Amino acid sequence: MITVFLPYSGSQHSINTITELLNCHLVSKVYLLANDEINEFPDNCEILRVNDLTSSVTVDLIIKKTQTKYILFFTQDGKYQLGQFAVERFYSIIDSTGAGLVYSNYFSIKENSLIRHPVCDYQLGSLRDDFDFGHLMFLNAEFLKSFKNENEYKYAGIYNLRLHLARESNILRIPEYLYTTTETDLRKSGVKQFDYVNPKNRDVQVEMEKAVTDHLKKIDAYLAPDFKEIEIDNDNFEYEASVIIPVKNRVSTINNAINSVLSQKTDFKFNLIVVDNYSDDGTTDKIIEIAEKDSRLIHIIPERKNLGIGGCWNEAVRNKLCGRFSIQLDSDDVYANENTVQTIVDTFKKEKCAMVIGSYRMTNFKLEEIPPGIIDHKEWTPDNGRNNALRINGLGAPRAFHTPILREYKIPNVSYGEDYAVGLMISRDYQIGRIYEPIYLCRRWEGNSDAALDIDKQNYYNEYKDRIRTIEVLARQRKNRNADRVC
């Protein structure tokens with residue numbers, strides 16, 4: 001049998017959902033999760049007073065009240081329509097497999113249109129706290145008997161619970177559309193992706209970091225703050241730094257990007273390597289025109305025609321003219337001022353780190369600041385940054401590397417997440433330095449590759465980063481095992 005926990009605000013749509021649930025012979029009890037302001041509720045339900053739906057207090061209350069084998073948990077108050085035998089399908093899958101958590105694809109109603117909403121398969125590296133389970137989570141209460149909240153969470157209670165289930169059991173996605181709900185967050189993907197670095201969510205992030213750090217320790221993937229040292233000046237380079245810009249068809253922005261580099265003021269020799277990935281919109285002509293006037297611009301057209309952004313980076317880094325430090329600039333962004341390159345190199349030399357990541361300011365195409373403003377990734381700490389990096393979906397910008405290290409690791413030949421992947425690899429062994437003042441302007445406009453992604457592209461990108469995290473978790477577990485053998 002099943003116990004249902006449903007957020008409740010007294011709306012008619014909840015009454016309809018409750019009626020539908022109680023008509024299912026598998027449902028034993030329906031609990032309504034409501035705050036103290038709700039005084040009226042259906043007679044055939046029991047109300048549970050909760051202040052925070054995602055808190056550890058709420059999780060403990062759910063576990064305490066459950067007397068059945070399974071739990072159906074609705075993650076938010078909303079309008080739901082269950083599909084044909086949906087509850088029975090959830091029940092059949094979890095009961096036959098013994099999984100700890102089961103979830104499914106669903107339909108959403110968005111601007112009066114019915115839209116399919118597939119979700120990703122869960123894997124070892126699905127550690128991001130915004131992993132999309134949809135709005136219905138079917139839980140196996142058997143695995144909750146051993147669960148104990150070691151910390152009191154206001155925001156990370158549900159996240160901590162599912163990390164426990166991932167350790168103790170399988171988490172399965174049903175590749176079927178088992179229910180329909182109304183979409184309430186109508187923002188574009190390019191806006192949603194910055195929620196986790198919004199300063200307003202700082203308290204949330206602190207809790208999420210604590211939960212994932214505890215999880216990594218329990219699965220032996222946590223890395224203590226012990227780092228390899230590098231000799232910054234150990235190799236001979238003609239140039240101290242190279243800014244690298246991979247570009248394809250950015251005729252409207254490439255001039256600004258190049259000029260922001262060539263206007264840099266430094267006390268060392270630097271150049272700019274532009275890897276032109278077979279542009280056909282006039283971008284190539286603009287690069288050639290500037291290169292003819294300034295010899296610091298190195299224009300590369302690679303022989304390979306199958307390169308993503310990461311592959312273009314590899315071409316630049318392995319070029320004999322690449323400097324000691326390789327510094328990133330996207331082809332539609334610009335540096336915040338003329339001191340960006342100097343600031344990055346100074347940070348390398350001060351901290352003797354293998355990689356430096358700065359902070360940036362979000363702007364529109366006209367370089368006017370837009371929300372959320374400054375993205376500084378202050379969730380990164382020297383001691384725990386590389387562990388928390390397995391939870392978040394990006395590391396920040398601009399990114400810069402000690403070139404000998406980058407030549408050793410190499411960047412995946414993809415056009416999304418390549419920087420995140422190599423950053424995780426490097427952080428496994430080396431310290432990453434941070435600059436918390438904005439030294440980079442990131443322009444959001446309709447031409448951005450991630451400005452407004454459809455759900456299939458979002459899932460494709462998320463699954464890639466989850467896989468990168470899976471690889472990294474396995475590598476860190478192996479690193480820890482090998483260290484134990486040596487000891």
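Just so it is clear, the values below take in all heavy atoms, side chains as well, and ignore hydrogens, waters and symmetry mates. Fair warning: this is a prediction, and the values are worked out from it, not measured in the lab.
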| said: Run the ring-ring contact (aromatic ring centres under 6.0 Å, His included) test on Y460 and Y416 for me, step by step, so that the C-alpha distance in whole Å, both residues' side-chain angles and the decisive distance to 0.1 Å come before the verdict. | reply: CA-CA 10 Å; Y460 177 80; Y416 178 85; 8.5 Å; no

Indicate yes or no for a side-chain donor-acceptor contact from [X] to the backbone of [Y] under 3.5 Å, with no hydrogens or angles considered.
X    : Y    : answer
N387 : L223 : yes
E207 : Y155 : yes
S169 : L165 : yes
Y122 : S126 : yes
D132 : V119 : no

Between [X] and [Y], does any side-chain donor sit less than 3.5 Å from a side-chain acceptor?
X    : Y    : result
T363 : E368 : no
T58  : S55  : yes
S28  : T68  : no
H215 : N160 : no

With a 4.0 Å cut-off, would you call [X] and [Y] a salt bridge?
X    : Y    : answer
D333 : R443 : no
E463 : R467 : no
K218 : E150 : yes
D276 : R250 : no
D466 : R469 : yes
K69  : D95  : yes
E472 : R428 : yes

Take Y179 and Y106 through the ring-ring contact (aromatic ring centres under 6.0 Å, His included) test and state the conclusion after the steps. CA-CA 5 Å; Y179 60 96; Y106 63 97; 5.2 Å; yes

Could you check if a side-chain atom of [X] sits within less than 4.5 angstrom of a side-chain atom of [Y], using non-hydrogen atoms only?
X    : Y    : result
L22  : V30  : yes
Y464 : N459 : no
D280 : N249 : yes
F133 : R173 : no
D332 : V247 : no

Could [X] and [Y] be counted as a cation-pi pair, given that NZ or CZ must be under 6.0 Å from the ring centre and within 45° of the axis?
X    : Y    : result
R116 : F107 : no
K465 : Y420 : yes
K305 : Y278 : yes
K145 : F143 : no

Below 30° counts as parallel, above 60° as perpendicular, anything between as tilted: where do the rings of H377 and Y360 land?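 Correct class here is tilted.
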
For the student: nearest non-hydrogen atoms of D376 and Y436, plus distance: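 Smallest heavy-atom distance, with atoms named: O-CD2, 3.3 Å.
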
